[in-house]
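Have a look at the structure below, then the notes.
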Amino acid sequence: MKRIKAIYPGSFDPPTNGHLDLIERGSKIFDELVVAILRNLEKAPLFSVAERRNMLESMTSGFDNVSVETFDGLTVEYAMKVEASAVLRGIRAISDYEYELQMALMNRKLQPSLETVFMMPAEKYSYVSSRLVREVAQLGGNIDCLVPELVAQKLREKMDPALKFVDVERLEQKTSERERKSRSRKKRS
Ligand code: PNS
């Protein structure tokens with residue numbers, strides 16, 4: 001039986017709950033789904049490609065048929081290279097449609113055998129975009145519920161690098177507390 005492999009290309013700067021919602025939906029209809037992060041040297045991203053890859057890998061670790069890769073150049077060429085037969089893209093609102101249609105038709109012109117499949121994320125994410133999440137986070141607004149907790153933490157660290165060390169300290173405190181308890185248990189036994 002033919003197995004259908006799809007790529008889900010994007011910038012993912014940062015990945016949001018809307019992306020995750022789409023990945024989950026895509027993982028149910030495709031046999032294999034590759035989340036493909038564009039390595040775009042022109043844009044100055046907030047998160048490095050490695051950071052985005054790490055976040056997406058953690059977010060998707062529960063899906064057996066989802067992997068995370070990076071690519072540059074044309075999406076259609078990357079799709080051919082990994083032997084994917086479909087490109088997954090999300091449409092949140094009619095405003096996305098024009099750009100997505102243009103891209104899908106251009107991709108079809110470049111590679112007629114590659115199909116673009118549009119899926120809609122849950123309505124509750126219809127206003128969530130990486131650009132707005134970045135802007136709200138940069139201005140100190142609350143981005144919980146818009147991105148996974150891990151991404152929210154990374155965004156807070158970006159905005160205030162000192163938080164990284166606060167968390168490490170908290171983690172270290174917890175670890176030494178656990179070690180102390182285990183030592184005293186051993187002594188008693
Ligand atoms: O998350 P984004 O920024 O909306 O993703 C856009 C992306 C990466 C899918 C698009 O820019 C793309 O495919 N870039 C790769 C270069 C390419 O193939 N350009 C022609 C697209 S028709």
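Sequence positions, counted from 1, serve as the residue numbers for this chain. Counting convention: from 1, in listed order, for ligands and their atoms alike.
- Of all the atoms in ligand 1, the ones that sit under 4.0 Å from a non-hydrogen atom of N107 are 21 (C), 22 (S).
- In this structure, S130 does not count as a contact residue of ligand 1, since none of its heavy atoms falls inside 4.0 Å of the ligand.
- Classification of K5 and D31 as a salt-bridged pair fails, no side-chain N sitting under 4.0 Å from a carboxylate O.
- For S113 and Q111, the side-chain atoms include at least one donor-acceptor pair closer than 3.5 Å.
- Residue Q102 places no heavy atom under 4.0 Å from ligand 1.
- The shortest contact between atom 11 (O) of ligand 1 and any protein heavy atom is with Y99 OH, 4.1 Å.
- K154 and E149 are not joined by a salt bridge, as no carboxylate oxygen comes within less than 4.0 angstrom of a charged side-chain nitrogen.
- In this comparison of M103, R131, R89, E77, the heavy atom closest to atom 5 (O) of ligand 1 sits on R89.
- Counting heavy-atom neighbours within 6.0 Å of M119 CE, excluding the residue itself, gives a total above 12.
- Scanning all protein heavy atoms for the shortest distance to atom 20 (C) of ligand 1 gives L74 CD2, 4.1 Å.
- Shown in contact with G73 at under 4.0 Å from a heavy atom are these atoms of ligand 1, numbered in order with element: 15 (C), 16 (C).
- Heavy-atom contacts of T75 reach the following atoms of ligand 1: 12 (C), 13 (O), 14 (N), 15 (C), 17 (C), 18 (O) (cutoff under 4.0 Å).
- Side-chain contact annotation: R39 with T70, donor-acceptor N/O pair under 3.5 Å present.
- The shortest side-chain heavy-atom distance between E51 and P14 does not fall under the 4.5 Å cut-off.
- Of the N or O atoms in S11, one or more lie within a sub-3.5 Å distance of an N or O in ligand 1.
- Distances below 4.0 Å separate heavy atoms of M106 from the following atoms of ligand 1: 22 (S).
- Looking only at distances, a side-chain donor or acceptor of D96 sits under 3.5 Å from a matching main-chain atom of R92.
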